[in-house]
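Shown next, in structure tokens, is the structure this report addresses.
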Amino acid sequence: MNAEVLTTHRRWRDYLEITKPKVVVLLTFTATAGMLLAAEPFPPWTVLIFGSIGIALVSAAAAALNQVVDQRIDAVMARTRNRPLPRGQLETPQAMAFAALLGTTGIWLLLTFTNLLCAILTFASMLGYAVIYTMFLKRATPQNIVIGGASGAAPPLLGWIAVTGQFEPGAAILFAIVFVWTPPHFWALAIHRREDYAKVDMPMLPVTHGVELTRLHILLYTVLLFVFGLLPYLAGMSGLLYLIGAVILGGRFLWWAYRMYRRKDDSLAMPTFGYSIVYLFALFGVLLADHYLLMLMP
């Protein structure tokens, strides 16, 4: 591989990195699940494919804008100092132009292949994360992740609306599950990285109110999440397969949260954070499996 090709490869890798691809994959999965759950048996293939791509691109644009805004504090924090912008591998105008390209393309796809309401709400979600959360809430209150979590919880709602074009109870339930999931998910990471947040005066809950209270909040939100995880069954959206899966997955999450609270062991923060990601993927996966199993039943 010659030097020019290698440089181009590294540059595109840097562009990809500022979009937080792992986060985008998770968000897009929940959006696609929302589309599949809204349709019987399947949504139009154009909506499913191009709608998912559109939501993914707008999510990636929001992530890139987040890294533009946060690049100064990212340079100080151990977890983020090797990102492309703090390293100087990308300049701010390049990142902004890339975010604009992603966002514009994503909104165009949504307007073309889904509906106006989906496009408007997706754009609002991007602004909510990149502007309201990143520029204001993140620096203003230790409840930042609770309030700002609405943007991260939007994809399954957006996926549902991409198919139906309207708000429905099922979409609200999916949104609520991800919304309640976000605080225990993020606060576990915040406990592990609290020294980083303290360095940059970021008012994360473990910094402002201590680790002990944060552990309690994680446990209480996980209890609430367990209850919210049962809503698809209680509302008639799903059957016994989902109920069993939700109880097992939610019970495991509760086990991690309870252990971290009782043992007061910070080394459990990252395993809890890791399981929270597995939980969300698996919960939506079981919900989809149950959805299509119910369709096959006479």
Side-chain angles (χ1 to χ4, degrees), residues 16-17 19-64 66 102-103 105-106 109-110 113-114 118-119 121-122 125-126 128-129 148-164 168 170-186 188-189 225 228-229 231-232 237-238 241-242 245-246 248-250 252-253 273-293 295:
L16 179 63
E17 188 177 341
T19 65
K20 300 181 181 178
K22 293 180 181 179
V23 175
V24 170
V25 167
L26 178 58
L27 296 178
T28 305
F29 175 69
T30 63
T32 303
M35 294 179 193
L36 293 169
L37 292 167
E40 292 186 9
F42 296 101
W45 72 269
T46 51
V47 173
L48 183 64
I49 294 175
F50 295 112
S52 295
I53 293 172
I55 292 171
L57 290 176
V58 177
S59 298
N66 169 269
L102 293 176
T105 304
L109 287 173
L110 295 174
F113 295 101
T114 65
C118 179
L121 292 178
T122 303
S125 177
M126 180 182 71
Y129 178 70
S151 295
L157 172 70
L158 299 174
W160 190 292
I161 291 174
V163 173
T164 66
E168 292 179 348
I173 288 173
L174 298 181
F175 171 87
I177 290 172
V178 184
F179 182 76
V180 176
W181 166 86
T182 302
H185 160 73
F186 191 84
L189 175 65
L225 177 62
F228 272 60
L231 288 180
M237 286 176 61
S238 63
L241 174 63
Y242 173 76
I248 293 173
L249 292 166
R252 181 72 173 173
F253 202 164
F273 171 77
Y275 178 75
S276 70
I277 299 172
V278 173
Y279 167 86
L280 196 63
F281 266 118
L283 189 76
F284 274 77
V286 173
L287 187 54
L288 285 173
D290 183 276
H291 177 71
Y292 287 105
L293 179 63
M295 285 187 189

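Taking CG from L288 and CE from M35, the interatomic distance works out to 12.0 Å, rounded to the nearest 0.5 Å. To the nearest 0.5 Å, the span separating CG on L283 from CG on L249 amounts to 6.0 Å. Between the CZ atom in F113 and the OG1 atom in T46 there is a gap of 6.5 Å [rounded to 0.5 Å]. Distance OG1/T32 to CZ/F284: 11.0 Å, rounded to 0.5 Å. Taking CD1 from I173 and CH2 from W160, the interatomic distance works out to 8.0 Å, rounded to the nearest 0.5 Å.
Among all heavy-atom pairs drawn from T164 and A38, the shortest one is CG2-CB, 3.9 Å. Shortest non-hydrogen contact noted between V178 and P156 is CG2-CG, 4.0 Å. Contact between G103 and V58 at its shortest, heavy atoms only, is O-CG2, 4.0 Å. Between F175 and A150, the closest heavy-atom pair is CE1-O, 3.4 Å. Here the closest non-hydrogen pair linking A56 and V24 is O-CG1, 3.7 Å. Minimum heavy-atom separation, A162 to V47: O-CG1, 3.7 Å.
Looking only at side-chain heavy atoms (C-beta outward), N66 and K20 come within less than 4.5 Å of each other. Side-chain contact check for L231 versus I177: every heavy-atom pair is 4.5 Å or farther apart. The closest side-chain heavy-atom distance from L36 to P43 is below 4.5 Å.
Here the side chain of H291 pairs a donor or acceptor atom with the backbone of A39 at under 3.5 angstrom. Under a 3.5 Å cut-off, the side chain of S276 and the backbone N or O of H185 do not form any donor-acceptor pair. No donor-acceptor pair closer than 3.5 Å links the side chain of S125 to the backbone N or O of L121.
Judged as a side chain to side chain contact (heavy atoms under 4.5 Å, CB included), and not counting sequence neighbours, the contacts of L287 are L37, L174, P232, S238, Y242. Residues meeting the side chain to side chain contact (heavy atoms under 4.5 Å, CB included) test with F281, sequence neighbours left out: V25, L26, F29, I277.
Residues Y292 and F42 place their aromatic rings such that the two centres sit under 6.0 Å apart.
No option in L57, I55, T114 other than L57 meets the side chain to side chain contact (heavy atoms under 4.5 Å, CB included) test with L109.
The aromatic rings of Y279 and Y275 lie tilted to each other, with the angle between the two planes from 30° to 60°.
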